[in-house]
Amino acid sequence: MKKNTSLIYSLFFLLLITTASFAQASFFDRKPSAFEEAVNRMLSAGDKRIGKLDNGMTLYGKWFIQRMYEENKGKPIWTPSAIRSLATALNGLEMDGLNPDEYRFAETKPFLDNPVQPAPSQGEMATVDIMLTEGYLRAMYNLYYGKSDPERLDLDNNFAQARDGKDRTPLLLSWVKKNRINEAFNWARPKNNRYKWMKKALIRYQKIKAAGGWPQVPKGKTIRPGDSDDRISLIRRRLAITGDMPSSAGGNTLDVALQQGVRRFQQRHNLKVDAVIGPGTLGTMNVPIEKRIDQIRVNIERQRWLYPVKEKEYLNVDIAGFKIYWMKNDRVIWQEQVQVGKRFTKTPIFKDQIEYIDFNPTWSIPPGIKRRTILPSLRRDPGYLDKKGYKLLDDKGNSISPYSIDWNSITRIPYTVRQPPGRNNALGLVKFMFPNKHSVFLHDTNHREYFAKQVRTTSSGCIRLRNPFVLAEKLLSRQGWNRTRINRVRASGRTTRAKLKAPLPILIQYSTASANGDEISFKSDIYKRDAKVLAAINGPFKFHLPDLSKRARSRIRAGIRSASAPSGPAAGAQPEVIGTPTTESSFFGTTKPQGFFVH
């Protein structure tokens with residue numbers, strides 16, 4: 001913990017020291033003790049962890065700032081050159097989806113605009129020095145961890161980066177002293193192509209906005225290939241602006257060239273690719289440029305949560321895109337369609353690792369479905385389980401007759417309800433297990449017809465996989481299995497477990513925009529999660545839950561759980577789906593701080 005404290009103090013102190021050196025030469029002639037006295041006085045206010053400046057500004061890193069000044073022997077941090085470097089780097093944050101003005105405080109803005117200012121008093125100088133440091137640190141923190149806290153937005157999200165206690169104070173100070181703040185920011189940014197591609201897309205869409213955006217196409221009848229319509233010229237312009245067509249030239253007919261542009265647009269927006277301009281395609285074309293920019297910003301933020309991913313090889317479930325990808329060295333080596341949770345039984349966002357595969361699995365119905373579906377059905381008809389082919393078992397695995405229980409006298413089922421293996425099993429013929437608190441996993445399905453849907457929110461939380469035996473073969477081929485052996489086990493009808501010698505990480509994530517090279521793709525916000533992320537990005541600075549004291553974390557988590565208690569669907573929901581409903585304040589807050597600068 002001592003290392004953590006040192007690290008946090010060092011970074012804030014780093015920023016402090018550089019700030020005070022920004023004035024004209026007359027400032028440097030003054031005695032440093034006066035500056036130190038001003039700093040010490042300002043940092044003595046408040047408690048041990050959180051400080052307050054005379055202007056009312058909260059210093060989240062008070063303790064760390066004090067440590068930074070100790071490291072720098074009480075001298076100011078910022079020179080005019082360092083401030084220019086900071087100003088340039090802050091301006092660049094707009095391309096990261098962040099608002100640069102959030103790190104430019106009223107007292108520091110004049111110096112960021114013009115570092116050479118008339119020499120202020122020592123007290124004023126100390127204030128500016130401290131505040132420049134605070135702005136620098138906040139920007140670094142937001143680039144590294146994200147502006148929003150993924151856990152505050154969703155307690156199921158466990159993507160928060162671990163804090164490892166390494167002291168990076170010398171590195172952070174060196175960037176300031178060398179006037180290389182942008183180099184510091186680049187260090188904090190994710191180091192993967194997706195982040196770079198998303199930033200590139202944001203720049204492009206901001207340019208489109210600056211040029212006036214795109215035209216709104218009036219509603220009207222569906223336009224099919226070969227049809228003529230007065231709106232075609234607007235549609236051509238609309239598609240040319242976003243690069244879906246090379247130019248807007250052409251007549252008022254949905255000809256072959258325009259059909260290709262429409263298909264490209266539909267593919268980029270996760271729509272049915274048929275070149276038909278119906279209400280869905282037209283409505284997507286008319287989404288304002290401002291909303292698309294916000295959507296890109298939200299998903300750049302999600303990249304900061306997810307990356308750096310330390311695993312070189314992993315499965316990536318794209319909930320909103322209804323796809324699963326096998327990633328290796330940042331490249332897709334396999335992909336497949338999936339079905340995900342319904343609105344009231346959302347597939348949770350979390351990471352884990354696949355440990356084993358069960359062939360011909362049984363299905364032990366989760367508590368949520370027993371409460372919502374099984375119990376009401378048994379109250380109406382004690383023969384319900386027999387009709388469905390389900391077994392009622394006690395805690396020792398003994399069968400119990402459902403007719404022997406007064407179902408109206410109980411509020412929950414204290415027994416196991418199990419579906420035997422077989423083609424009608426809700427899990428199909430294979431499941432991929434990564435044991436977790438959500439009772440969520442990958443599995444086959446007896447509802448293959450849903451894969452024909454464009455929007456596949458059809459389960460109660462688990463991830464249904466098309467062609468699951470292809471994945472089983474890929475996983476088990478690494479330990480000597482082949483398709484013949486898999487088919488033999490499958491045909492036996494017996495429940496068989498194959499444990500993976502090398503568990504494979506799995507990331508279950510939610511994104512509504514992604515980029516690949518020069519192409520940006522958008523997806524529908526099926527769970528309506530984007531608004532919360534956007535509000536957090538645009539909201540005030542906060543540190544994330546891992547950087548709070550245990551008491552503060554517990555209090556905030558309890559409040560989030562209370563405010564987001566899940567509501568389920570009607571009691572008559574079908575049970576052939578699995579999973580449980582999901583539910584939808586800082587690093588300087590601990591007695592001994594830990595966090596970004598001790599990561």
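Quick note: numbers below take in every heavy atom, side chains included, and nothing from hydrogens, waters or symmetry partners.
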Asp149 with Lys542: basic N within carboxylate O range, under 4.0 Å: no

Pair Glu313 + Arg331: basic N to acidic O under 4.0 Å: no

Approximate separation, where rounding is to 0.5 Å, of Thr242 OG1 and Met285 CE: 8.5 Å

Intermediate values then yes/no, ring pair (Phe, Tyr, Trp, His ring centres under 6.0 Å), Phe159 and Phe350: CA-CA 7 Å; Phe159 283 99; Phe350 68 107; 8.4 Å; no

Residues Arg224, Asp227: salt bridge by 4.0 Å N-O rule: no

Leu155 side chain reached by Arg561 side chain, heavy atoms, under 4.5 Å: yes

salt_bridge(Glu151, Arg557) N-O dist < 4.0 Å: yes

Arg529/Asp154 ion pair, N-O < 4.0 Å: yes

Straight-line distance of Glu449 CD to Phe451 CZ, nearest 0.5 Å: 9.5 Å

Aromatic ring pairing His544/Tyr145, orientation class (parallel under 30°, perpendicular over 60°, tilted between): tilted

Electrostatic pair Glu301-Arg297, nearest N-O below 4.0 angstrom: no

Test log, rule ring pair (Phe, Tyr, Trp, His ring centres under 6.0 Å), inputs Tyr144 and Trp187: CA-CA 8 Å; Tyr144 198 81; Trp187 176 84; 5.5 Å; yes

Test: Arg292 cationic atom under 6.0 Å from Tyr205 six-membered ring centre, within 45° of axis: no

Check: Tyr527 ring centroid to Tyr510 ring centroid under 6.0 Å: yes

Carboxylate-amine/guanidinium contact Asp96 Arg189, below 4.0 Å: yes

Presence of salt bridge, Asp113 and Lys109, under 4.0 angstrom: yes

Between Asn299 and Thr512: side-chain donor-acceptor atoms closer than 3.5 Å: yes

Candidates Lys312, Arg194, Lys196 - the one meeting salt bridge (Lys or Arg N to Asp or Glu O under 4.0 Å) with Asp330: Arg194

Full working for side-chain hydrogen bond (donor to acceptor under 3.5 Å, both in side chains) between Asp530 and Gln295: CA-CA 7 Å; Asp530 281 5; Gln295 194 170 355; 4.6 Å; no

Spatial distance of atom CG (Asn99) from atom CG (Leu90) [nearest 0.5 Å]: 10.5 Å

Check against side-chain hydrogen bond (donor to acceptor under 3.5 Å, both in side chains), Ser511 and Lys523: CA-CA 8 Å; Ser511 64; Lys523 293 162 276 188; 3.1 Å; yes

Euclidean distance, Phe522 CZ relative to Asn270 CG, rounded to 0.5 Å: 12.5 Å

Stacked cation flag Arg238 on Trp214, 6.0 angstrom / 45 deg: yes

Thr88 side chain to Arg84 backbone, donor-acceptor under 3.5 Å: yes

With Asn436, the side chain to side chain contact (heavy atoms under 4.5 Å, CB included) member among Asp352, Ile506, Asp156, Asn158: Asp352

Straight-line distance of Ile293 CD1 to Ile203 CD1, nearest 0.5 Å: 11.5 Å

Distance (rounded to the nearest 0.5 Å) between Thr79 OG1 and Lys177 NZ: 11.0 Å

Ser514 and Ser521 side chains, donor-acceptor separation under 3.5 Å: no

Closest non-hydrogen atom pair between Leu98 and Arg304, with its separation: CD2-NH2, 3.6 Å

Pair Lys528 + Asp525, salt bridge at N-O below 4.0 Å: no

Asp244 with Arg264: basic N within carboxylate O range, under 4.0 Å: yes

Side-chain donor-acceptor pair present, Thr445, Gln339, cut-off under 3.5 Å: no

Polar side-chain atom of Asn516 near backbone of Glu519 as donor-acceptor pair, under 3.5 Å: no

